**Q** 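Here it is, the structure in full.
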Amino acid sequence: MKIAAVHKDGEIQNKLGDNTEIMVVTVENGEPVSKEIVPIAEDEMVSVLFKLASNQIDVFLADEVGMSIQSAMRMMGVQMILGCTGNAIENIAGYLTGEQIGDPSKIIYPPEMDEDDPMQCMHDCSKCSGCH
C-alpha cells in the first residue's frame, strides 16, 4: 500500500495548490518501509494527479481538494481522507495506527470494482491488460 500526503515544509496546507511536495510512504505488513518526497509545481494540479497516478497511490491525505481532483482520484481508485491538518508525517502515522485523522465526513472511498467489468482498466491504469 502507498499513502501520500501533500505538504509544504512538512505541514499540510489548506489549499492543494499551496503545497509544494507529496510525501509517499510505502507500507508493507502494516509497517512503513520507504518514504519518497516528490516535488510539485505550485500551479500545476495536473502534475499532482500525474505524480499520484505514476506512484500508484492507494490513500491520499490532504485538507481541501476541488471536485475535479476528487473525481479524477476516485476514477484512479484512490481513497481520499480530506480535512487533514498539521504535520504530514504525524497524519500518515495516525492513519497507520487507526487514529481518526481528517474530517470523517469528508472521507471519499473509491467505487467498488466489478472484476467482470471489461472496462475496469478505465478506473485504474495499473490494472490494464493492454486494451489501450
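All values derive from a computational prediction rather than experimental measurement.
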**Q** When L52 is tested against each of V78, I22, V6 for side chain to side chain contact (heavy atoms under 4.5 Å, CB included), which residue passes?
**A** I22

**Q** Less than 4.5 Å apart, side chain to side chain, heavy atoms only: is that true for L49 and M76?
**A** yes

**Q** Assess the residue pair M23 and L61 against the criterion (side chain to side chain contact (heavy atoms under 4.5 Å, CB included)); give the C-alpha distance rounded to whole Å, side-chain angles, the decisive distance to 0.1 Å, and a yes or no.
**A** CA-CA 10 Å; M23 181 183 303; L61 310 178; over 6 Å; no

**Q** To the nearest 0.5 Å, what is the distance between NZ (K15) and NZ (K8)?
**A** 12.5 Å

**Q** Calculate, to the nearest 0.5 Å, the distance between atoms CD1 and CG belonging to I108 and L82 respectively.
**A** 5.0 Å

**Q** Could you state whether F50 and V59 fall into the same hydrophobic cluster, counting links through intermediate Ile, Leu, Val, Met, Phe, Trp or Tyr residues with side-chain heavy atoms under 4.5 angstrom apart?
**A** no

**Q** Which atom pair, heavy atoms only, marks the closest approach of K2 to N55?
**A** CD-O, 3.0 Å

**Q** Apply the test side chain to side chain contact (heavy atoms under 4.5 Å, CB included) to residues Y95 and Q79: give CA-CA distance (whole Å), side-chain angles for both, the deciding distance (0.1 Å), then the verdict.
**A** CA-CA 12 Å; Y95 177 82; Q79 176 187 6; 3.5 Å; yes

**Q** Does any N or O in the side chain of N29 come within less than 3.5 Å of the main-chain N or O of E31, such that one atom is a donor and the other an acceptor?
**A** no

**Q** What closest approach, in Å, do D58 and M1 show between heavy atoms, and which atom pair accounts for it?
**A** OD2-CA, 3.1 Å

**Q** Can you name the one residue among V24, V25, T26 that meets side chain to side chain contact (heavy atoms under 4.5 Å, CB included) with S34?
**A** T26

**Q** Report the distance from atom CD of E21 to atom CD of Q13, rounding to the nearest 0.5 Å.
**A** 11.0 Å

**Q** Over all heavy atoms of both residues, which pair between H7 and A88 is shortest? Give the atoms and the distance, please.
**A** CB-CB, 3.9 Å

**Q** Rounded to the nearest 0.5 Å, how far does CD of E90 lie from CD of E11?
**A** 7.5 Å

**Q** What are the two closest non-hydrogen atoms of I81 and I101, and how far apart are they?
**A** CG2-O, 3.7 Å

**Q** What distance separates K106 NZ from M80 CE, expressed to the nearest 0.5 Å?
**A** 12.5 Å

**Q** For the side chain to side chain contact (heavy atoms under 4.5 Å, CB included) test, which of N87, N91, D18, T85 pairs with I12?
**A** N91

